[in-house]
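Here is the structure we will look at, set down as structure tokens.
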Amino acid sequence: MLSAQGSLDTKVRGLDLGADDYLVKPIHPRELAARVRSLIREKQKHDAIVDDYRHLATLSLTDPLTGAYNRRALDRLLKARLAESARYDIPISCLMFDIDHFKDVNDTHGHGIGDRVLKEIAVLPVFRQEDALIRYGGEEFLVILFHTNREGAHVFGERLRTEVAAKSFNYEDKRIHITLSAGIATHPEDRMIKDSETMLTLSDRRLYAAKRSGRNRVISRD
Amino acid sequence: MSDLPFNILLVDDDSATHTFVKRALSDAPCTVDMALNAAEARDRIHASAPQLLLLDIGLPGKGGLEFLQELKEEE
């Protein structure tokens, strides 16, 4: 703040409002320049700390291999989305999928190739900007589909399943084909969903139903 | 830390202060933009997002303290 008057009350009020410094006119040009240089240094330090904090916050919520969200992010995202869904009566679906026989990919081609498959899965064009993709476990992912009812989620799940089944993952001379199984839970159509835990439990149960019934399928109801 | 010049906005209705500040900061690693009142300052803030605001208390119309309070509330 700059002022021609140096009353204590005005200074205190300005600083309390968030001013970083208070300069009373007239001020010597060298002092003004020195004060501004000091403020620039402080601002640059502050900005660097904010950048570091944002970077760390992103890292703490991201799976380092795939760039998808991690489970820590899932807790926050799903709780927040479910609360919003309940408040505004917006359908929300949770699709959990797992790559079929992924252990065979790792055993046959090595973990390096397995990791490349996971990375490619995470950037498939089928995932929309508004969907949240979370790496839930080793080869298990979860997609939070906001504004999506059971029917819409099933259509999405089938698109994902067929896209993956038709894709050839090519690394050097290797041609890898995989399939995936998926289970879907939808609020409010699935009445047993009370919170994020019950939603995850239900999508997990349907994922395993898809596995048990032959894999390479999507199950969205019991 | 960025090597780009720092963007400063001076908000003061006294053109002599504008000249004085520009001269005083001519060797500092910064650029200085000017506004004569709070409304003009708001336009400049939206246009160029200055990193530092030099704000005169005795602005005509909306005073500097009132303007600062508004900005902090919007932050």
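Hydrogens, waters and symmetry mates are skipped; everything else that's a heavy atom, side chains included, is used. The shown structure was predicted, so the numbers you read here are calculated from the model rather than taken from an experiment. In what follows, every chain begins at residue 1, and chains take the letters A, B, ... in the order their sequences are listed.
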If I measure from the heavy atoms of chain A, does S26(B) come under 4.5 Å with its side chain, its backbone, both, or neither?
neither
Are L10(B) and L2(A) side-chain neighbours, meaning at least one heavy-atom pair lies under 4.5 Å?
yes
d(I40(A) CD1, Q51(B) CD) to nearest 0.5 Å is 8.5 Å
Do D56(B) and K25(A) meet the salt-bridge criterion of a basic N to acidic O distance under 4.0 Å?
yes
Flag yes if more than 12 heavy atoms outside R128(A) fall under 6.0 Å of its CZ atom; otherwise flag no.
yes
Minimum heavy-atom separation for S3(A) and I57(B), please, with both atom names.
CB-CG1, 3.6 Å
Heavy-atom pair of closest approach, residues A33(A) and A24(B)
CB-O, 3.5 Å
Going from CD on Q69(B) to CG on D16(A), what distance comes out if it is rounded to the nearest 0.5 angstrom?
11.0 Å
Can you tell if the side chain of L65(B) reaches within under 4.5 Å of the side chain of M1(A), non-hydrogen atoms only?
yes
Closest contact, heavy atoms only, K43(A) versus F6(B):
CG-CZ, 3.3 Å
Where on I8(B) is there a heavy atom nearer than 4.5 Å to chain A: the side chain, the backbone, both, or neither?
side chain
In Å, rounded to the nearest 0.5 Å, how long is the span from CG of D27(B) to CZ of R30(A)?
11.5 Å
Can you tell me how far CG of L17(A) sits from CD of E66(B), rounded to the nearest 0.5 angstrom?
10.5 Å
Restricting to non-hydrogen atoms, name the atom on L32(A) and the atom on F20(B) that form the minimum distance, rounded to 0.1 Å.
CD2-CE2, 3.8 Å
Are there more than 12 heavy atoms of other residues, nucleotides or ligands under 6.0 Å from atom CZ of R175(A)?
yes
Need one label for V21(B): side chain, backbone, both or neither, based on atoms under 4.5 Å from any heavy atom in chain A.
both
Crowding at NZ, K119(A) (>12 non-hydrogen neighbours, <6.0 Å)
no
Heavy atoms of other groups near E84(A) CD, more than 12 under 6.0 Å
yes
If I take atom CG from residue L54(B) and atom CZ from residue R35(A), how far apart are they, to the nearest 0.5 angstrom?
11.5 Å
